[in-house]
Each structure stands twice: as C-alpha cells, then as structure tokens.
Amino acid sequence: MKLSFFTLLLGCALLATASARAEQPLQREHAKAVVNLLFNRLDCDLDGTVEPSEVDDHIAQLWHPIDNDRSRSLSPKEYAMSHRALAADGGQALFDNADANRDGQISVDEYRAHVKRAIVTVDTDGDHEATRLDAGLKPWPKPFAKRIVLNADGDKKE
C-alpha cells in the first residue's frame, strides 16, 4: 500500500494537533476558580495551603459528590452542575481542558490531573503549593482567643 506524501503530512498534522490539545494549559482564571471551589475540601490540616499531593489523599471526597450517576466518569452535564459557578459558559472550557483524551467524559484520573494542574497554575511563588490568597480567598482569621501561659504551679504567668 502506497501512502502519498500529502496523506502522511495530514496524519502528522492531526497527531500534533491532538497532542497539543491534550496538553493545553489551564488558564490562570479558570485554575483559580477550580482551586477556590475545592480549597476547603483539600486543606484538611488548615495550614492555609494545598499541594498537588493532597488531591491524591482526598480524591474520593472531591469525586463522589459530583459523580451523580456513579459511573466513575463525569458527563458534561455533571461537570456543569458541580462547577456552574466557575465560568459564564457553564464550565465548558474547564470541561474541555479536563477531558484530556477527548472522549466526552472526565475520568477520575483526568479529574485528579486537572485539579493538580490547577493548583500548580495558581501557585505564585513556585513552591508547588497554592495558598488561600493564590486561590482568591481571604486568609484564615487570626485566633480570637489569647494564648495563656501557666507557670509550674498552674497559675497564670504574666
């Protein structure tokens, strides 16, 4: 079977386009919206930061509330329902970015990678952690109780 140069060139161009689309960077505004939405679920130690590794620790808590039909994949409708506040287009751009293999569904692994990519994208200082400020959230309030130090007798130390 003889392939024409044009057919070979077209095939290479399609492959390059598909590859580039799968690696499409997440826009900072979209990444910030994703991290903002999920921050409190990921920051279980309440240190005011989230790391990509925390996504692995909490993927079940992130996934189960949004996978309504328990199919282990998100349809565009499920994603739009859970992320409707993220974008004016109903989250379609975010869905397209998360759907790496372009099969019209987001798998658990694709969602995990999507959230990790969002964390790294909003990180402003390059330490691979997103702070509350990076995510567009207010910092945790300072403790309202004063720290009381007691002496060896159990009395309040001045």
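Residue numbers start at 1 and run along the sequence shown. Fair warning: this is a prediction, and the values are worked out from it, not measured in the lab.
Put simply, V120 and V122 are part of two different groups of oily side chains (I, L, V, M, F, W, Y) that touch within less than 4.5 Å, one to the next. Taking hydrophobic clusters as Ile, Leu, Val, Met, Phe, Trp and Tyr residues chained together by side-chain heavy-atom distances below 4.5 Å, V108 shares a cluster with V34. No continuous path of ILVMFWY side-chain contacts below 4.5 Å connects L133 to L137, so the two sit in separate hydrophobic clusters.
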Report the C-alpha separation of D99 and E110 in whole Å, then their side-chain angles, then the decisive distance to 0.1 Å, and conclude whether the side chain to side chain contact (heavy atoms under 4.5 Å, CB included) test is met.
CA-CA 6 Å; D99 184 17; E110 286 173 323; 3.5 Å; yes
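Contacts classified as salt bridge (Lys or Arg N to Asp or Glu O under 4.0 Å) and involving residues 39-56 (residues at least two apart or in different chains) are given here: D56-R112, D56-K116.
The distance from the CG atom of D134 to the CZ atom of F39 is 8.0 Å, given to the nearest 0.5 Å. Of the inter-residue distances, the one linking L42 atom CG with I119 atom CD1 reads 5.5 Å to the nearest 0.5 angstrom. The CD1 atom of I66 sits 7.5 Å away from the CG atom of L38 when rounded to the nearest 0.5 Å. Atoms CG and CZ, on D109 and R72 in that order, are 8.0 Å from each other to the nearest 0.5 Å.
More than 12 heavy-atom neighbours from other residues, nucleotides or ligands sit within 6.0 angstrom of CZ on R70.
Listed for the E78 side chain is a donor-acceptor partner under 3.5 Å among the backbone atoms of N68. The main-chain N or O of H128 is found under 3.5 Å from a side-chain atom of D123 such that the two form a donor-acceptor pair.
Nearest heavy atoms, N36 versus A135: ND2-O, 3.2 Å. P76 and G104 make their closest contact through CD-O, 3.4 Å (heavy atoms, listed as atom of the first residue, atom of the second, distance). In terms of heavy atoms, A60 sits closest to P65 at O-CD, 4.1 Å. When all heavy atoms of H58 and C44 are compared, the closest pair comes out as CE1-SG, 3.2 Å. For A130 against V35, the heavy-atom pair with the smallest separation is CB-CG1, 4.3 Å.
Here the side chains of H114 and I106 are not in contact, with every heavy-atom distance at 4.5 Å or above. For the pair H30/N97, no side-chain contact is recorded, criterion being any heavy-atom separation below 4.5 Å from C-beta on. Side chains of L74 and Q105 form no contact here, defined as non-hydrogen atoms less than 4.5 Å apart.
Residues satisfying the salt bridge (Lys or Arg N to Asp or Glu O under 4.0 Å) criterion with R132, sequence neighbours excluded, are absent altogether. Every side-chain contact (heavy atoms from CB on, under 4.5 Å) that S71 has, sequence neighbours left out, goes to D67, D69, S73.
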